[in-house]
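Atom set for the values below is all heavy atoms of this structure, side chains included, hydrogens, waters and symmetry mates excluded. The first residue of the sequence shown is numbered 1, and numbering continues consecutively from there.
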Amino acid sequence: MGAVEAASGRTKVRETGGGQTGPLLRLTGVALGYETATGFDLAVADASFDVAPREKLVVIGPSGSGKSTLLKAIAGFVVPVAGVIELEGRRSLRP
């Protein structure tokens with residue numbers, strides 16, 4: 001995504017943010033869960049989406065649907081049991 005400039009009746013796109021060409025955030029087939037006393041509880045299954053620079057994302061759902069778990073994984077506090085989370089093309093996320 002770039003800024004748009006109008007010059008001489010033409011539209012040009014100039015890159016912003018260090019020339020990044022892909023999505024800012026990409027989740028591909030992400031599954032998240034927790035070990036409990038009774039076994040393994042899957043909180044998020046097969047989450048896949050992209051977020052472009054300057055794009056806004058809203059996560060909604062009922063209590064217990066995995067919203068906070070998903071955000072913790074994006075922040076690097078929870079490791080996915082499956083799939084890939086990439087931030088600016090990097091796969092190794094740390095808090």
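- Atom CZ in R94 sits 11.5 Å away from atom CG in L87 (nearest 0.5 Å).
- Rounded to the nearest 0.5 Å, atoms CD1 (I74) and CG (L93) are 9.0 Å apart.
- Residues K67 and I60 come closest through the heavy atom pair CD-C, 3.7 Å.
- Atoms CG and CG, from L32 and L42 in turn, are 8.0 Å apart once rounded to the nearest 0.5 Å.
- The CZ atom of F49 lies 5.5 Å from the CG atom of L25; values are rounded to the nearest 0.5 Å.
- Residues S48 and G29 share a closest heavy-atom pair of OG-N, 2.7 Å.
- Between the OG1 atom of T69 and the OH atom of Y34 there is a distance of 3.0 Å, given to the nearest 0.5 Å.
- Residues L27 and F77 are members of separate hydrophobic clusters, defined by side-chain heavy-atom contacts under 4.5 angstrom among Ile, Leu, Val, Met, Phe, Trp and Tyr.
- By the criterion of side-chain heavy atoms lying less than 4.5 angstrom apart, applied directly or through intervening Ile, Leu, Val, Met, Phe, Trp or Tyr residues, V59 is grouped together with V30 in one hydrophobic cluster.
- Taking both residues in full, the closest heavy atoms of V51 and E55 are given as CA-OE1, 3.3 Å, listed atom of the first, atom of the second, then distance.
- Nearest approach of P53 to G22, heavy atoms of both residues: CD-O, 4.2 Å.
- Of all non-hydrogen atoms in I85 and P80, the two that sit nearest each other are CD1-CG, 3.8 Å.
- T28 places no side-chain N or O within 3.5 Å of a backbone atom of G83 that could act as its donor or acceptor partner.
- Considering only residues two or more places apart in sequence or on other chains, S63 meets the side chain to side chain donor-acceptor pair (under 3.5 Å) condition with none of them.
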